[in-house]
Amino acid sequence: MEATTFVLFGATGDLAKRKIYPALFNLFIDQKLPQFFSVIGLGRRELSNKAFQSNVEQSLHMFSRREATDPIIVEQFLSAFRYSVLDVGHKEDYQTLLQLIEQQEQELQVAPNRMFYLSVGPEFFETITANIHESGLGSTDGWRRLVIEKPFGHDLQSARELNKNLSKAFTEDEIFRIDHYLGKPMVQKLEVLQKSNPVLKALWDNRYIANVQITANEIVGVEERAGYYDHVGAVRDMFQNHMLQLLMMLTIHLPNNSTVDNVRYKKKLVMDSLEALRKEDVGSHVIRGQYAAGTIQGEPVVGYTSEPNIAATSRNDTFIAAKLQIDDYFWRGVPFYIRTGKRMKDKSTRIVIEFKEPLKQSGANDDNALPNLLVFEISPNEGIVLQLNSRDPLHKGEFKPLNIDFHESQGNVPEAYENLICDALQGDSTFFAHWDEVELSWQWVQPILEAYEENTVPLHLYEAGTYGPLESDELLKQDGYHWWFDESKVAEVRTEVSV
Ligand SMILES: NC(=O)C1=CN([C@@H]2O[C@H](COP(=O)(O)OP(=O)(O)OC[C@H]3O[C@@H](n4cnc5c(N)ncnc54)[C@H](OP(=O)(O)O)[C@@H]3O)[C@@H](O)[C@H]2O)C=CC1
Ligand SMILES: O=C1O[C@H](COP(=O)(O)O)[C@@H](O)[C@H](O)[C@H]1O
């Protein structure tokens, strides 16, 4: 891997501490960092290199999946870290930074490859990229890359504005937009599983698939993020980015030897084929929810509007469920149900593919036959389950579901940020969001944002510790389906199964 200077804006922040340093450490242990690799951390507060290194070390002890117990290894890792004071609006700080980077590149005699990682609030993105451009930091003989964190805009118009401004300093090929769901190992496997397994490939369309359910349930509430969350809600925080990315990754049809460009092109095709939602139809396709007080894992929790720093009158959404249709050759007629919410009963991110039931249609004695399901468990555990119908040896003539269940051992699974940072260092943008996808995603959700803004869609309260408003069940019920694996339904299925 080529020599790299990793320039980290926001080096004293939460994301750096919880995700970026642990990811770099794990990559270091796995020998996946370039031989010549240095990190320059930036922030407004004054810190010596030593104090910065000590903060980084602390974050490893708190958040790394691998223990940072060997002092020699930890010392080697930390020796790559330097700190420089930078206020994003102070042009002179960029000159100091440039001198520091050039001095290091010369001392080490390495190529001037620079990766600028913006782990700061989105309000700084434009100022920082403009200053990188003007200061000469971006004028390098080596490569330069920009890594940015979501949110990429607040709506369609602001996203376009942001992109226009970023494009003044970096080309699309140089911009790596992180969507951490694309770094999750199971999401990265979706592409390979589908394109490299004829058995799945053959079933991957509307002839065999009845419906698809994509769920990201969270137990946590708004936590300390009121200032951010109360302005974005579930639709912007999770749906526009992570959930639509999951939809794209699942539904693209790729050739065996697909390239980054294929993946991006096919994702764009999916988004282009999504049936547009008219503002007046949002009420019949989208369920908006907000959590009320309830009980989670035996503990009482307050409702959203009683959370610290949330106004008692807030109508912000903490839950969304939506029905989408892709109008293309492969998926026409297959409903995709997507939901995500905070303060739900359990933490689970999964995709369930429910297959059609030709047996039912043939009039066979199939009262206890369940549909075939293929389940991708994304988190907290990673696994794949295939539910088939088998013969019940005790009750001849009846079916007995059989689950083929593979779960990855958790210790072996790299964190999303490890995968993504490693890819960005190699210049591989397969698992980063291209501007086309981002723009089309905002375009699709824009009528929802407007309907919410105009309050033309009901806001359903749901008790914390449940699976969201009952209306979300109705969304599927009207098509003859139900959400799989909500706990009560699992119990139902298990009763049928446990003979
Ligand atoms: N935390 C998380 O889990 C996630 C965060 N994100 C995104 O990552 C980004 C960073 O979030 P997070 O780490 O939580 O934010 P924090 O508020 O914890 O950190 C912000 C960082 O920005 C620096 N900063 C603030 N103002 C300035 C300034 N004027 N000049 C220079 N540096 C400044 C701060 O350093 P100092 O005070 O020293 O100046 C600090 O290092 C955001 O875009 C967020 O949306 C995305 C997904 C998850
Ligand atoms: O991006 C975000 O994701 C987290 C959920 O991520 P996960 O990896 O734990 O599933 C969510 O809590 C947060 O609100 C959102 O900003």
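Whatever order the structure lists them in is the order used to number ligands and atoms, beginning at 1. Computed from a predicted model, the values in this text were never measured in an experiment.
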### Query
Would one find more than 12 heavy atoms of other residues, nucleotides or ligands at under 6.0 Å from atom CD of Glu454?
yes
Hey, is the main chain of [Y] close enough, under 3.5 Å, to the side chain of [X] for a donor-acceptor pair?
X	Y	answer
Thr129	Phe125	yes
Gln213	Trp484	yes
Asp155	Leu449	no

In terms of side-chain heavy atoms, does [X] have a donor or acceptor partner in [Y] at a distance below 3.5 Å?
X	Y	value
Arg177	Asn241	no
Tyr462	Glu471	no
Ser167	Trp435	no
Asn309	Arg225	no

### Query
Any chance the rings of Tyr117 and Phe9 have centres within less than 6.0 Å?
no
#### Entry: Those protein residues which place at least one heavy atom below 4.0 Å from ligand 2
Lys150, His180, Tyr181, Lys184, Glu218, Arg225, Asp237, Met238, His242, Lys342, Lys347
### Task
Select all protein residues for which some heavy-atom-to-ligand 1 distance is less than 4.0 Å, and list them by chain and number.
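Residues within 4.0 Å of ligand 1: Gly10, Ala11, Thr12, Gly13, Asp14, Leu15, Arg18, Gly43, Arg44, Arg45, Leu86, Asp87, Val88, Ser119, Val120, Gly121, Pro122, Phe124, Glu149, Lys150, Pro151.
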